[in-house]
There are 2 protein chains.
Amino acid sequence: MPRTTIHDIAKALNTSAATVSRALNDHPSISEATKVMVRVTAKQLNYQQNRMASSLRSGKSMVIGVIIPSAEISFFGSVIHGIEEVAKARGYNVLLFQSNERYQQEVQGIQTLLQSNVDGIIASIAKETTHYSHFLEAKRRNTPLILFDRAIEDLGVSTVVIDDYKGAYMATEHLVEQGYRRIAHIAGPSHIKIFHERLRGYVDALSANKLVVDEDLIVYGKVSIDSGRERMNQLLQLDLMPDAVFAVEDFTALGALQAIKETEFHQPGQIGLVGFANEAFSAYITPSLTTVDQQTNIMGREAAQLLLNAITGNANTETLPQKIVLDPKLVVRDSSRPPDQ
Amino acid sequence: MPRTTIHDIAKALNTSAATVSRALNDHPSISEATKVMVRVTAKQLNYQQNRMASSLRSGKSMVIGVIIPSAEISFFGSVIHGIEEVAKARGYNVLLFQSNERYQQEVQGIQTLLQSNVDGIIASIAKETTHYSHFLEAKRRNTPLILFDRAIEDLGVSTVVIDDYKGAYMATEHLVEQGYRRIAHIAGPSHIKIFHERLRGYVDALSANKLVVDEDLIVYGKVSIDSGRERMNQLLQLDLMPDAVFAVEDFTALGALQAIKETEFHQPGQIGLVGFANEAFSAYITPSLTTVDQQTNIMGREAAQLLLNAITGNANTETLPQKIVLDPKLVVRDSSRPPDQ
DNA sequence: GTGAAAGCGCTAACAT
DNA sequence: ATGTTAGCGCTTTCAC
């Protein structure tokens, strides 16, 4: 059984497909009476628009593409949620593509989304990615692109990020205020900007508080639980051990916490700890983890908003790339309690 | 600048669009030589297929739609991941739709996906949903549908679930084996089948182990942290308190754990606890939570597999709805340690 | 092995 | 306010 088309409706009403199309799209030049008739008949015949046909003709697909490293990371799940809310409210659907942190898959993602004629793309860059020309392909095709969180600026595209520098600064200063003095940092790969920014925030917060920046207290990890554990163990071997640790993100902090728990030191009390991301688990572990909230939902909503503006916005007005920087929020919990006397 | 079409390629090679189309689709009746020429020229001209046009003509969109309650729940994020892996490997894309646990949004999701001509749909039912006719719309449109986890059987569609009964049975029996005797259950809404099955598993495991099923020890919650906490407090008020709790899922268990921690009882030792779902946080909290793993990634992969088979499978062969039941795995951690003497 | 022609379902000029 | 016509880019009979 073939599905109902606008021609079927037209036939039933002794009118033309064009009128039906206009009526359904609420075109101003169609009389109220006709619109009502069309809508009623459409419902009767159980008409469902064929979006492919509409898209092919109009050049707009009402779909936005989203590329994320993995839906399994709660951070991205939460951002997607935000994107989807805004998109849906404005009649757009979300086509999802995961890069699995792979450069090749990211490139393929852009291609596939462009082939699917998405009206715009929102992406966060894979860990593996170090060059970015594939994103320019979207520009060449005149498809608006927004990057979030793991963003790169020199592409000349709009971005939504949080102020990683500030978040790290706040986190570090918080440890200082709590009374810690030898504060270590488990950093992430410096080629990824957000991680580098966090390192900078850490360093500057120490300096601003007249604490020496000790190179031994900065170790580089791979942003994972295991890596956090390893790096923490390395820090615990030092002759002059740290009395607190600022970890580049929560999974790293979790690994560090596990490492500390395996020693005779207590956490908190002897070793203060702060993470970054406010991952779901951070509130539930013991001790609960002090961390920096990244405003994931807002990030998704803002990214979607920016994109939709770019899509619907006047193409004539040469809009410069915008940069939205969200304010991180320090979430103080137990892991950064002041040190014991 | 307009994008390259097959006509451009045809013109460049002094051939026809039909030949180009066939060559690009590796049609058997095209000579190798022509195929090579076409492919080379396509690359030169930076040709990208227009999938909308292709879909409109061929009736296949190479897109599968997925409806989940929320991408923010790690369970669903993980399932999506599995779906996407399989889909991508077979050339399909994933169009995502969140119902936010709302019936209305679920109905709209089905509609939108059908309008988008997706080749098939994978869905997990919203908490709010109590009637299911909207799913039949997919059938009427001949669009294959697979339900996972929160599934309903009488629709006559294929499903992928885990054996909730068995998982609950294992969880409960595990507590018995550890030496607990008064085992309570914080249940979920019974109209959702998976929760009802878990209740059944709990009851049967007790009976099979010659323990009385005490109605006072079965309380009904709303499947959330707060609800878990409330129900646990209720259980703690009982004259004959339970010595262990099997919670309907991990968030409920987490709430229960928090409630216990606020008392003088210790957990584990005095009160055993088991959850369900193996949510990410369950491994990280203290004590780590014994729980039942739901094989999320496999669930996603199996669902995608089933769907793709239904899509590509011979439509003549009247395939009966299949039901894949995955085996739950008990994950023993600290929260169910044997009781102190 | 390749080309000509038709048409998927819709929208948008251009008519009236 | 409505109808006519053309065509988005592709696939697919049907020819040869």
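Every chain is numbered from 1, with letters handed out A, B, ... down the list of sequences. From a predicted model like this one, the values you see are computed outputs, not experimental measurements. Just the heavy atoms: all of them, side chains too, but no hydrogens, waters or symmetry mates, feed the values below.
In this model, no side-chain donor or acceptor of B/Arg3 finds a partner on the base of D/dG9 within 3.5 Å. For a distance-only test at 3.5 Å, the side chain of A/Arg57 fails to qualify as a donor-acceptor partner of the base of D/dT5.
Checking C/dG9, D/dG3, D/dT11 against the side-chain heavy atoms of B/Asn25 singles out D/dT11 as nearest. When each of D/dG3, D/dT12, C/dG9 is scored by its nearest atom to the side-chain atoms of B/Arg22, the top-ranked nucleotide is D/dT12. When the nucleotides C/dG3, D/dT2, C/dT11 are ranked by their closest atom to the side chain of A/Ser29, D/dT2 comes out on top. For B/Ser16, the listed nucleotide lying nearest its side chain is C/dG3; candidates were D/dA1, D/dC10, C/dG3. The side chain of B/Thr19 lies closest to C/dT2 when the candidates are D/dG9, C/dT2, C/dC10.
The NZ-P distance, from B/Lys11 to C/dG3, rounds to 15 Å in whole Å. One atom, NE2 of A/His27, and another, C1' of D/dA1, lie 10 Å apart when rounded to the nearest Å. If you measure from atom CD of B/Gln115 to atom P of C/dG9, you get 15 Å, rounded to the nearest angstrom. The nearest whole Å value for the distance from the CE atom in A/Met62 to the P atom in C/dC10 is 16 Å. As rounded to whole Å, 23 Å separates atom P of C/dG9 from atom NZ of A/Lys60. Rounded to whole Å, the distance from CZ on A/Arg51 to C1' on C/dC10 is 13 Å.
Side-chain atoms of A/Leu56 and A/Met52, non-hydrogen and from C-beta on, never get closer than 4.5 Å to each other.
B/Gln105 and A/Lys88 form a side-chain donor-acceptor contact under 3.5 Å, judged by distance and modelled atom types alone. Between the side chains of A/Arg3 and B/Asn117, at least one donor N or O lies within less than 3.5 Å of an accepting N or O. Checking B/Ser61 against B/Asp119 by side-chain atom types alone, a donor-acceptor pair falls below 3.5 Å.
Side-chain N/O atoms of B/Ser54 include none lying less than 4.0 angstrom from OP1 or OP2 on D/dG9.
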